[in-house]
Amino acid sequence: MKVLVPVKRVVDANVKVRVNADNTNVDTANLKMAINPFCEIAVEEAVRLKEAGVVSEIVVVTIGPKAAQEQLRTAMALGADRGIHVETDDEFASLSIAKMLNAIQNQEQAQLILLGKQSIDGDNNQTGQMLAALGNMPQATFASEVKVEGDSVIVTREIDGGLQTLKMPMPAVITTDLRLNEPRYAKLPNIMKAKRKPLDTVTVESLGVTLKQHQNIVKVAPPAQRQAGVMVASVEELVEKLKNEAKVI
Amino acid sequence: MAILVIAEHDNATLKLDTAKVVACAQAIGADVDLLVAGDDCSAVVDAAKQLTGVRKVLVADNAVYGNGIAENLGDLLVSIAADYQHMLATASSLGKDVMPRVAALLDVAQISEVVEVVSEDTFVRPIYAGSALATVQSLDAVKVMTVRSSAFDAVANDGNAEVVSLDGVFNSAVEFVSQTLTKSERPDLGAASVVVSGGRAMGSADNFAILEQLADKLGGALGASRAAVDAGYVPNDLQVGQTGKIVAPDLYIAVGISGAIQHLAGMKDSKVIVAINKDPEAPIFQVADYGLEADLFDAVPKLLELI
Ligand SMILES: Cc1cc2nc3c(=O)[nH]c(=O)nc-3n(C[C@H](O)[C@H](O)[C@H](O)COP(=O)(O)OP(=O)(O)OC[C@H]3O[C@@H](n4cnc5c(N)ncnc54)[C@H](O)[C@@H]3O)c2cc1C
């Protein structure tokens, strides 16, 4: 069984980003970049399914600039077998990304598509669901447990009130939540090996999908800053302030 | 043209979030209809029709909609989309699950976590864990969006909307297996006016008992950082942050939480923030109105005594 894992290059989760001077975007120049944490969890899950003998091939795909090949190599160092790079310097709405991924899935015919529930830059949380809709596949979002049983997959999802378990036929789309697994660190020999794994570079045009512009970014602004607060010296002072100054208790 | 709001409920009670999303819809303008899709959900319909300013409540009451499965709920939404220029849901696990599907099937983009309405086609939404706010203009004919309910004030309950049944029944290949919902007598995280959250420093599930007592004394909800959830001290649905719940209560008390950007993303719009942490350098103090540098195991019991 084949698994397709789409991944994204994003600013590292530990880096604080700032809005640029002309308020058109965040300034990402010279920031440390990394594979989106949720995508990394998706790769790890695919690798675990392969180690368990359920999966035979893991294909990772990314849509992004030349440098995004680093993230494909990272995924291959973790255990993915080959990579597909749709090279582009343009930024796309989630729907366009989903259309491109759907075209790739039509070629690859994977049984399972595992991807992060959101990327920590746009925080959209859309691509997996859109891909499922376009490919007429069932979806299980926010997964914290994945079990393959025959032609079906059973997924436990983190929902607002607790946990929900769904069963669905494959091919299916699963988006990963934080508690699905804890990704391993790539070992040096595997990083070396990953450099020799096959990586195909293709253009957006070669996918044969029609894309359009859906949105204009009017501006990007920093959020309002909170007024600096005070340090209180004791619990007594805290309670006094909450009662008499803030009037919230 | 009109706006459709998808009601958030558990088949028995309508969530307060829906009244907040209706407020967002009213900021856009035009007539507002509500969709209640569920199973045996007449009590929800009764509550929904009272929301101020709602024109019609569309009801799809059928067992297939009982568990909020994205596939068939999405199909139901697409079947009525022609009547609407905007389709809004709460940015809840349900809204996030279903709205991107609806958007893709309609060949339009989806706008996530709207916090402000600029005009009928232009909206503000946070990106990068709230480090920036993007103002986005939609070029699509139908605007499909999820709304961050904490950014809007709920509408009142003096309406009396017309109720219309929908008879479309859509099935899906997805089978519901089971559900474990966290039972709690406390208010919903999203609806509480006080939230008491604990972090990694709580050290164990048992130690969370002192925060539960504090929450109960203040009539508030319990929350947690990701580290506390990952460690298994509390269930996943208590996580506050970029990838958990977004809250904006009158009072947020962060206990033994360092204040990582991903946590701040979920609570920094609270009216009053209190932080209790033994590290004076903890970043949580930068957003706190009242900071107390103390060991939580001394401070919280004392706090319990004094309030
Ligand atoms: C993709 C991604 C998404 C994430 N999403 C979220 C999210 O939604 N929500 C979230 O919360 N986090 C999220 N995180 C994790 C986040 O980065 C932090 O790791 C997490 O919030 C830390 O939790 P904490 O503050 O409880 O733990 P720590 O950072 O370990 O802080 C513990 C604090 O307790 C203090 N302390 C220790 N002992 C005591 C004591 N006895 N008394 C008082 N204070 C004490 C310490 O000084 C410290 O400040 C995410 C991370 C990533 C990468």
Side-chain angles (χ1 to χ4, degrees), chain A residues 11 13 16-19 26 93-95 98 118 120-126 129-130 132-134 138-139 141-142 144 154 158-169 177-179 213-223 226 229-232 235-236 238-239 241-242 246 248-249, chain B residues 70-71 74 92-93 96-97 100-101 103-105 108-110 112-113 122 126-140 172-182 218 226 230 235-237 242-243 250-251 261 268 272 274 287-293 299 302-303 306-307:
Chain A
V11 175
K16 174 126 177 69
V17 299
R18 284 184 208 294
V19 172
V26 295
S94 310
L95 180 60
Q118 76 193 69
I120 58 167
D121 47 7
D123 280 336
N124 281 305
N125 197 331
Q126 300 173 355
Q129 298 87 314
M130 288 179 160
L134 295 173
Q139 72 188 40
T141 50
F142 328 141
S144 64
I154 299 167
E158 293 201 358
I159 59 169
D160 285 347
L163 296 169
Q164 181 188 62
T165 304
L166 300 177
K167 180 177 181 184
M168 59 198 66
D177 217 318
L178 292 170
R179 278 168 284 278
Q213 196 189 347
H214 294 275
Q215 294 173 348
N216 282 331
I217 305 294
V218 180
K219 70 168 183 196
V220 175
R226 284 189 79 92
V230 295
M231 294 300 288
V232 293
V235 177
E236 288 78 4
L238 176 63
V239 171
K241 287 242 179 344
L242 290 177
V248 284
I249 59 170
Chain B
E71 282 75 2
S92 61
S93 55
K96 290 173 181 171
D97 197 28
R101 270 191 92 88
L105 294 171
V108 300
Q110 194 239 287
S112 296
E113 303 257 4
T122 305
I127 56 175
Y128 286 90
S131 299
L133 293 169
T135 303
V136 193
Q137 181 186 28
S138 165
L139 307 175
D140 289 318
S172 106
V174 175
E175 191 187 316
F176 173 83
V177 179
S178 64
Q179 194 154 278
T180 17
L181 299 183
T182 309
L218 296 168
R226 173 190 172 184
D230 283 3
N236 62 283
D237 50 299
Q242 179 186 21
T243 52
D250 294 336
L251 175 60
I261 174 147
K268 72 179 161 54
V272 174
V274 171
V287 299
D289 299 283
Y290 302 108
L292 177 64
E293 180 193 335
K302 206 177 236 171
L303 195 53
L306 292 177
I307 52 177

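So you know, we letter chains A, B, ... as the sequences are listed, proteins then strands, and number each from 1.
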If you tally heavy-atom pairs under 4.5 Å against chain B, which of [options] wins?
options: A:Lys219, A:Met168, A:Glu236; value: A:Lys219
options: A:Pro138, A:Pro222, A:Ala93, A:Ser94; value: A:Pro138
options: A:Leu134, A:Leu238, A:Asp123, A:Val220; value: A:Asp123

List in chain and number order the residues that pass side-chain hydrogen bond (donor to acceptor under 3.5 Å, both in side chains) with A:Lys241, two or more places apart in sequence or in another chain; answer none if no residue qualifies. A:Glu237

From [atom1] ([X]) to [atom2] ([Y]), nearest 0.5 Å:
X: B:Ile261; Y: A:Lys16; atom1: CD1; atom2: NZ; result: 4.0 Å
X: A:Arg226; Y: B:Lys268; atom1: CZ; atom2: NZ; result: 9.5 Å
X: B:Ile127; Y: A:Asn124; atom1: CD1; atom2: CG; result: 9.0 Å
X: A:Gln118; Y: B:Gln242; atom1: CD; atom2: CD; result: 5.5 Å

Can you list the residues that meet the side chain to side chain contact (heavy atoms under 4.5 Å, CB included) rule with B:Ser138, with sequence neighbours excluded? B:Ile111, B:Asp140, B:Lys143

Chain A interface, residue from [options] that has the most non-hydrogen pairs under 4.5 Å:
options: B:Val274, B:Asp289, B:Val272; answer: B:Asp289
options: B:Thr122, B:Val177, B:Leu105, B:Ile307; answer: B:Val177
options: B:Asn236, B:Leu251, B:Thr182; answer: B:Asn236
options: B:Asp250, B:Leu292, B:Leu218, B:Val287; answer: B:Leu292
options: B:Asp237, B:Val136, B:Val174; answer: B:Asp237
options: B:Ala103, B:Pro126, B:Ala134, B:Gly74; answer: B:Ala134

Atom of [X], atom of [Y] and distance for their closest heavy-atom approach:
X: B:Tyr290; Y: A:Leu242; answer: CD1-CD2, 3.8 Å
X: A:Ala133; Y: B:Ala104; answer: CB-CB, 4.0 Å
X: A:Pro223; Y: B:Ser131; answer: CD-O, 3.2 Å
X: A:Gln215; Y: B:Ala109; answer: NE2-CB, 3.8 Å

With only heavy atoms counted, which part of [X] is less than 4.5 Å from chain B, the side chain, the backbone, both or neither?
X: A:Val230; answer: both
X: A:Ala246; answer: both
X: A:Val235; answer: both
X: A:Ile249; answer: side chain

So A:Ile159 and B:Leu181, side chain to side chain contact (heavy atoms under 4.5 Å, CB included) or not? Walk me through it. CA-CA 9 Å; A:Ile159 59 169; B:Leu181 299 183; 4.1 Å; yes

I'd like to check [X] versus [Y] (side-chain heavy atoms, cut-off strictly below 4.5 Å). Are they in contact?
X: B:Arg226; Y: A:Leu178; value: yes
X: A:Ile120; Y: B:Tyr128; value: no
X: B:Gln110; Y: A:Met130; value: yes
X: B:Asp230; Y: A:Arg179; value: yes

Between A:Leu95 and B:Val108, does the side chain to side chain contact (heavy atoms under 4.5 Å, CB included) criterion hold? Intermediate values first, please. CA-CA 7 Å; A:Leu95 180 60; B:Val108 300; 5.6 Å; no

Distance-only side-chain donor-acceptor flag, A:Thr141 / B:Asp97, under 3.5 Å: yes

Quick one: does A:Gln139's side chain have a donor or acceptor within less than 3.5 Å of a partner on B:Glu71's backbone? no

Part of B:Ala132 within contact of chain A (heavy atom distance under 4.5 Å): both

